[in-house]
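Everything on this sheet refers to the single structure shown next.
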Amino acid sequence: MKQISDRIFYCGIMNPNMRVFDVIMRTEYGTSYNSYVIRGSEKVAIVDASHHHFSAVYREELRAALGGAAPDYLVVNHTEPDHSGAIGDLLEAYPGLTIVTNAVAAKNLRQIINRGDLPLQIIKDGGCLSLGDVSLQFIVAPFLHWPDTMMTYVPEEQALFSCDVFGCHYCEPGILDTRIGYPADYELALRQYFDCIFGPFRPFVVKGLNKLEGLPLQLVCPSHGPVLTRGARLANALAQYAAWARTEARQPLSVPIFYSSAYGNTEQIAAAMRAGIVEILPDAACDLVKLDARTGEYAAAWALLNECDAFLLGSPTINRDAVPPLWQLLSQFDAVNSPKRPCALFGSYGWSGEACGNLAQRLEQLKCRLFEAPFLVNFVPTEEDLSRAAALGTRFARALL
Ligand SMILES: Cc1cc2nc3c(=O)[nH]c(=O)nc-3n(C[C@H](O)[C@H](O)[C@H](O)COP(=O)(O)O)c2cc1C
Ligand SMILES: [Fe+2]
Ligand SMILES: [Fe+2]
């Protein structure tokens, strides 16, 4: 437990050993599940709970933060189990507790806790709840990063309980940003968290940040990682989020060509396609990105794929399918944020040629916009095949103008 201001107490849990979060994210620096107690003159609220793995130790931290008071409210900013997992336990420990949350989160909670009689008080965006000398204002911010997400503002403390926003998987016992021992690691964790959790929701981040405009802030209390304070890292985190969330089209266009090639046949087609594209878009970033089983680390290719304006995929057919590096690449395609992204397919084959057809089906599922039919060459491309590949590249580039 740690006191953060006159009326705000930290009762989160440190999990320095966590190395993977939600299956999707590597977490080199562990994480913390932050929970807070706000002690008003009349009522006491808990903001966010904890992961169910830590229910027992969380209860102790919470008891210390409550300082002998019985909590009246549990504000649920978000129902993802890293924050809601301990709620069932809390309700048993404190039968008088009322859960304060928005309608979408309430719907989720009913399916997470599986109890028909949840003591719920549903609030709306802009709603307010008094704790006596302090009050809670609710800022509903859907898709940051779940449809249920909201933030809670305490004007008397100029404190924002920001949920996952401005959070990161990082844990140090000092809790406050003024006590971070490894600032470069913290900065990296903040960026990685944004990319992984909020990257697919940039337009919603912009909307959420707009709702915060004009709010005086001394403290931002996120649900993971250090508490941000004015004069230390708070202004920087706000500015970084604003920059990272920007969604304006980039100039010049980015049109990467990802391919694999065992004997250089698909590679020749890739180079011809590129020549056709840069004829029309000489300034475009049209990288040839060769992938193979040794590539191992796909982070850069994934980032390029998800931030590009259009892309091409080339694969030979090996054992009746596209090769694993291409599937690996597509496994991280950002299906939330990239609908109708233009793409084209090509590849060399020997006798059955399923690679491009199979990739085409996957791209359709991902709602990409496939340009023309896949460009296939039987074994080694001829000069004529390469001219036709370049011509296709040219048509593809024109369609992007
Ligand atoms: C191990 C292996 C398995 C293959 N399996 C198929 C196949 O199932 N169907 C097919 O059309 N071609 C198959 N091929 C032929 C390749 O698709 C063909 O050689 C192609 O030109 C290779 O292109 P690349 O040089 O870009 O790798 C296979 C080739 C290898 C080496
Ligand atoms: Fe979350
Ligand atoms: Fe979270």
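No hydrogens, no waters, no symmetry mates; every other heavy atom, side chains included, goes into these values. Throughout, numbering of the chain's residues begins at 1 and tracks the sequence. When a ligand or atom number is given, it counts from 1 through the structure's own listing order.
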So, of the N/O/S atoms that Glu80 has, which is the nearest one to the Fe ion (ligand 2)? OE1

Note: ligand 1 atoms sitting under 4.0 Å from heavy atoms of Ile318 are 1 (C), 2 (C), 3 (C), 4 (C), 5 (N), 6 (C)

Ring centroid separation for Phe375 and Phe346, is it under 6.0 angstrom? no

Distance-only, no hydrogens or angles: does the Ser315 side chain make a donor-acceptor pair with backbone N or O of Val323 under 3.5 Å? yes

For atom 4 (C) of ligand 1, state which one of Asn319, Thr266, Asn265, Leu376 supplies the nearest heavy atom. Asn319

Can you tell me if an N/O/S atom from His78 lies under 2.8 Å from the Fe ion (ligand 2)? yes

What class does the angle between the rings of Phe198 and Tyr241 fall in, given that below 30° is parallel, 30 to 60° is tilted and above 60° is perpendicular? perpendicular

Mind reading off the angle at the Fe ion (ligand 3) between the NE2 atom of His83 and the OD1 atom of Asp164, rounded to 10°? 90°

Taking His224 for the side chain and Ser32 for the main chain, is one N or O donor matched with an acceptor at less than 3.5 Å? yes

Asp82: which N/O/S atom is nearest the Fe ion (ligand 3)? OD2

Could you tell me which N, O or S atom of His224 is nearest to the Fe ion (ligand 3)? NE2

Salt bridge check: are Lys290 and Glu267 linked by an N-O gap of less than 4.0 Å? yes

